[in-house]
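See structure below.
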Amino acid sequence: MKEARIAAQKAEELRKEEERKRQEEERKKREEEQRRKEEERRKQEEERKRREEEEGRRQAELREKRKAVEEKRRAEEEKRRLELEKRREQEEIARQKAEEAQRKADEERKAREKALEEARRKKQEQEAMERARLLEEEKRRVEEQQKEAERKQREVIARLQQRKAEKERREKELVENETKRAQEIYVSLRKVREAIKMKEEHERKKEHEAWRLQEVKAHEEEKRRRSSVSCARKEVLREREEAKRLSMIEGPRRSFSVKPQRAPPPVPARPGDNKPVAPPRPAPPNNTPPVRPRRSVKPKNRTNVIEWFQQEELSKRICYDGDKILPYFHGIISRQDAENLLVNKPPGSFLLRVSERVWGYTITYRAPERCKHYLVDTSENTYQFFGHNQIAHENLKDLVEFHKQRPISGVGQELLKLPCGQDSEPPDYQELFNPIEKPAESFSTKL
């Protein structure tokens, strides 16, 4: 680059020197032409003056010196011819000088052009070398970028594979935990059912004892009633005998009628004819939970879930707030569909959906880093999250309202702030309200 700049500077200096010489030659030409023109004007002026003088003299000496004038005229013509030849020679010399100067200028111009061409060729060679070097550097840089991109791609693939393995491990752990939890729920349900059965047996024994006591009391009351009836009959017979005796003493002229002091009690039927009516069987205590149909540990299919919802939950209007559906209630949607509904929502958004994995519901919560899913247990006629020391609520609305003020967990501090409603028509819970054909095997199968 430095040599190219030096060559360019030399070429520029040669061009300026050539321009200066050309201007100097043109200036000299103009001065020479001007001198020549001034000489011609001067000579013409002198000739004009001389001609005027000669004309005067010719006019004065016309008659006397005609011959001399003629000779002088011829001499003048010869002189002019000689001057003209001399001028032509001068012009020829000037033309030759100009041609010589033009030839030198052409030679100098060709030399300068050759030098410029040589400098241009060197410059082009240097530019070509520079372009080749730049292309080589660009190629090396592109190769490095490709290698870096491949390395980053390998790292991304490795991270994705690691995340996939971690996700599979978590899903496996979740499935194992859910299976374990389902088994625990099954065991707890069996224990609860056994406790309910024992409680019912105890209640039946208590009812039987109460029934026996009622029968004893009924028998005693029947005996008392029979004794009172027997006494009343004896009193009636005695009064009749007394009336007959008095009538016989007073005679037939006196009519006498004895009225009993009190009406005799109605004679009951014989003891063997009708048995005493037993008191009605007492109703079960109000605190005893209604007996729920037995069902499998988990739903077998989607139809089982819809049947369970229509038979047990819809009658309690569990998804209603007055006459309207709860704004965060959804139907049987998958885990991925719930996360897709919440992916563009702010943290704190949530929805409640019917679960296909348990007899209950799932609350999907939008946390800052990901979506979380909490199962709602309905096995005890209450609504609470799975786990120990969970607060039971009467319905889903109370559960949600409670966790709008109190976080679900102490670690995540999950507060249910913004409900996520429907974004499609018809809503995804429509199938829960449509009647279905009852399958051959109900979901309430024996364990």
Cationic N near anionic O, under 4.0 Å, Arg22 to Glu26 = yes

Flag if over 12 foreign heavy atoms under 6.0 Å of CD, Gln162 | no

Could you verify whether a donor N or O on one side chain and an acceptor N or O on the other, from Gln336 and Asn340, lie under 3.5 Å apart?
-> yes

Would you say the side-chain atoms of Gln311 and Glu307 include a donor-acceptor pair closer than 3.5 Å?
-> yes

Looking only at side chains, do Ser409 and Glu414 share a donor and an acceptor under 3.5 Å apart?
-> yes

State, without any angle test, whether His373 and Thr364 hold a side-chain donor-acceptor pair at a distance under 3.5 Å.
-> yes

For atom CZ of Arg406, decide whether the heavy atoms of other residues, nucleotides or ligands shown that lie under 6.0 angstrom number more than 12.
-> no

Can you measure from CZ (Phe433) to CD1 (Ile306) and round to the nearest 0.5 angstrom?
-> 11.5 Å

With a cut-off of 6.0 Å (strictly less than), are more than 12 heavy atoms of other residues, nucleotides or ligands near NZ of Lys123?
-> no

Within the distance-only criterion (no hydrogens, no angle test), does the side chain of Asp321 pair as donor or acceptor with the backbone N or O of Lys324 below 3.5 angstrom?
-> no

SB check Lys197 Glu201 (cutoff 4.0 Å) | no

Thr179 side chain vs Val175 backbone, donor-acceptor pair below 3.5 Å | yes

Pair Tyr429-Gln422, side-chain donor/acceptor within less than 3.5 Å | no

Do His393 and Glu401 have side-chain atoms, one donor and one acceptor, less than 3.5 Å apart?
-> no

Going from NZ on Lys28 to CD on Glu31, what distance comes out if it is rounded to the nearest 0.5 angstrom?
-> 9.0 Å

Could you give the distance from CE (Met129) to CD (Glu125), rounded to the nearest 0.5 Å?
-> 8.5 Å

More than 12 heavy atoms from other groups under 6.0 Å of NZ on Lys404 | yes

Any side-chain heavy-atom pair of Tyr374 and Tyr361 under 4.5 Å = no

Under a 4.0 Å N-O cut-off, is there an ion pair linking Arg170 with Glu166?
-> yes

Basic-acidic side-chain contact under 4.0 Å: Lys316, Glu313 = yes

